[in-house]
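Comments concern the structure below.
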Amino acid sequence: MESSSRPDYVTRFKGEGIGTKYKQPSITVRFPEQADQILRSLPNMSDYVRRAVIKQLIVDGLLVDENSQPVNPE
C-alpha cells in the first residue's frame with residue numbers, strides 16, 4: 001500500500017493533539033479484537049483514545065493541574 005493512499009497521510013505521526021509535543025514518544029497498546037475493530041472504525045481514533053485515557057486518569061485521581069483541580073479533557 002502506498003503511503004499517500006492512506007486517509008491519514010497528512011497528519012499521521014505528527015505531534016498534534018491535546019497536550020502533545022513534537023518528538024514526544026508515543027505509547028503503543030494492543031486491544032482485544034472487538035475493541036480494536038471498533039476503534040479503527042472511528043474517524044479520529046487517536047483523539048478518542050487520548051480523551052478516554054485522560055478522563056480515566058482524572059477519575060482515578062492521577063491527573064490534576066497545578067491548582068489541584070481536575071483537568072477537563074473536553
If you measure from [atom1] on [X] to [atom2] on [Y], what distance do you get to the nearest 0.5 Å?
X     : Y     : atom1 : atom2 : result
Leu42 : Gln37 : CG    : CD    : 12.0 Å
Asn44 : Arg50 : CG    : CZ    : 7.5 Å
Asp60 : Lys55 : CG    : NZ    : 12.0 Å

Let me check something: do [X] and [Y] share a hydrophobic cluster, defined by ILVMFWY side-chain heavy atoms less than 4.5 Å apart, either directly or through other members?
X     : Y     : result
Ile58 : Leu62 : yes
Val53 : Ile38 : no
Val59 : Ile54 : no

Show the nearest heavy-atom pair for residues Tyr48 and Leu39, with the distance to one decimal.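 Result for this residue pair: CD2-CD2, 3.8 Å.
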